[in-house]
Amino acid sequence: MSEARVRLRPDVESVVPYRQGRIAAADAFKLSSNENPFPPLPGVAEALREVQFNRYPEGSARAVRERLATIWQVTPEQIVVTPGSAALLTYLMQATCTAEDEVLYAWRSFEGYPQFVGALGVRSVQVPNRPDGGHDLPAMAAAVTDRTRLVLLCTPNNPTGPTITRDEFEAFMAAIPRTVLVGLDEAYAEFVTDPEAIRGDAALLERHPNLVVLRTFSKAYGLAGLRIGYGVGQEYVMDAIRAVAQPLAVTEPAQLAAIASLDHEPALLERVAVIVERRERIRAGLLEQGWAVPEAQGNFVWLPTGERTAEVAAHFEAAGLVVRSLGEGVRVSIGEADSVEKLLRSAREVVVPLS
Ligand SMILES: Cc1ncc(COP(=O)(O)O)c(C=O)c1O
């Protein structure tokens, strides 16, 4: 008997579902999802004891927005809090694009971009990265058409690692129409040490009214499992995000944990410094071994392994290091102290040198 199949959107079949970093065995290091190896900051566990799980959360995350507004020197209405910055990316697309419109971004970049664009049924325009793994911003500016509604700039770029400099950013913004929304995805902002790197702040938002800055508590703040991120931009753009957003999606535990984390900035900075130190040690060690590792400004390094990607990932995995293979390279997150030497030892055995 032939079963009739329901009619799905034909283009959904070609959308690749989000692939999560592989789970690691108990005796392996999970270096596949750019997570934070540290437990949540002090105060988070205590804050969560107050949660009333039988109640819906305060839907606009008012307390978090007020706290962030003070830090950012903007109004609370200029901030939206979302279940991870992943949700905000989708909301930005929903708020700007109809079927014929285009979302422009560098490639390779965050894997969520093509999936979220595809899920909405709008068009992705991908501009290849420069050979050093950075965004090719002049080529991106040239790829803007009258159908472009949203440009995503990822700095530092996941998974390759380089940041966008202030000069590159300003030249890009000057070259594109002010009617195109630009999302500056700074998921890894706290790990950036390059003084030339662009950084979203109130002055930048003031100068560029078509800008939204995206941040997350998943990475430096170590709250990936609670799902909370935010965006800062013009109030009317944020109102559009609020209009398309899934209601009540940021849970009360996530809101309380974010506020407790913001109360512990010195502890955050200490942990970030430790991760940055490990990153620098790993990158220096890999360069010395002959790996062509691009500038690494997030909590991860990128190994351009080309055809040997699967082999290299399997080699690390056999050594108890679960990494992320992404097409033409392997991304390794900066993890626990003991993973550092293990990674360098294992990398030495399989080095794919500069071609
Ligand atoms: C560049 C970038 N943007 C956004 C996200 C989404 O993070 P989250 O939804 O946990 O805030 C990630 C996650 O890895 C990322 O790498």
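All residue numbers refer to positions in the sequence shown, counting from 1. Counting starts at 1 for both ligands and their atoms, following the listed order.
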Practice task
Check whether any side-chain heavy atom of Leu268 sits under 4.5 Å from a side-chain heavy atom of Ser261, and report yes or no.
Solution key: no
Practice task
Would you check whether Asn34 reaches within less than 4.0 Å of ligand 1, judged by its heavy atoms?
Solution key: no
Problem - atom 3 (N) of ligand 1: nearest protein contact (heavy atom, Å) - result: Asp185 OD2, 2.7 Å
Handout entry: Aromatic contact, His208 with Phe169 (centres under 6.0 Å)
Key = yes
Exercise for the section: Any chance you could lay out the side chain to side chain donor-acceptor pair (under 3.5 Å) test for Thr98 and Asp101, step after step, and finish with the verdict? Expected result: CA-CA 6 Å; Thr98 56; Asp101 295 332; 3.0 Å; yes
Exercise for the section: Look at atom 13 (C) of ligand 1 and find which of Lys219, Glu35, Gln20 reaches it with the closest heavy atom. Expected result: Lys219
Handout entry: side chain to side chain contact (heavy atoms under 4.5 Å, CB included), paired with Leu104, selected from Leu153, Ile176, Leu150, Val125
Key = Val125
Handout entry: side chain to side chain contact (heavy atoms under 4.5 Å, CB included) partner of Met173, chosen from Leu184, Val182, Ile198
Key = Val182
Practice task
Starting from atom 6 (C) of ligand 1, locate the nearest protein heavy atom and write down its residue, its atom name and how far away it is, to 0.1 Å.
Solution key: Ser85 OG, 3.4 Å
Exercise for the section: Could you tell me whether some N/O pair between Ser33 and ligand 1 is separated by less than 3.5 angstrom? Expected result: no
Problem - Residue-ligand contact Gly84/ligand 1, heavy atom below 4.0 Å - result: yes
Problem - Plane angle bin for Tyr188 and Phe191 - parallel if under 30°, tilted between 30 and 60°, otherwise perpendicular - result: tilted
Practice task
Output the list of atoms in ligand 1 that are nearer than 4.0 Å to some heavy atom of Ser218, sorted by atom number.
Solution key: 8 (P), 10 (O), 11 (O)
Handout entry: For ligand 1, the portion of Cys154 having any non-hydrogen atom under 4.0 Å away
Key = side chain
Exercise for the section: Report the member of Tyr18, Tyr221, Tyr188, Phe116 with the shortest heavy-atom distance to atom 16 (O) of ligand 1. Expected result: Tyr188
Handout entry: Interfacing atoms of ligand 1 (cut-off 4.0 Å, heavy-atom, Arg227)
Key = 8 (P), 9 (O), 10 (O)
Handout entry: Sub-3.5 Å N/O-N/O distance, Asn158 and ligand 1
Key = yes
Handout entry: Min N/O separation Ala86 to ligand 1 under 3.5 Å
Key = yes
Practice task
Could you give me the CA-CA distance, side-chain angles and deciding distance for Ser60 and Arg65, then say whether side chain to side chain donor-acceptor pair (under 3.5 Å) is met?
Solution key: CA-CA 8 Å; Ser60 78; Arg65 287 188 297 114; 2.8 Å; yes
Exercise for the section: Run through Arg149, Arg123, Arg147 and flag the one making a salt bridge (charged side-chain N to carboxylate O under 4.0 Å, His left out) with Glu102. Expected result: Arg123
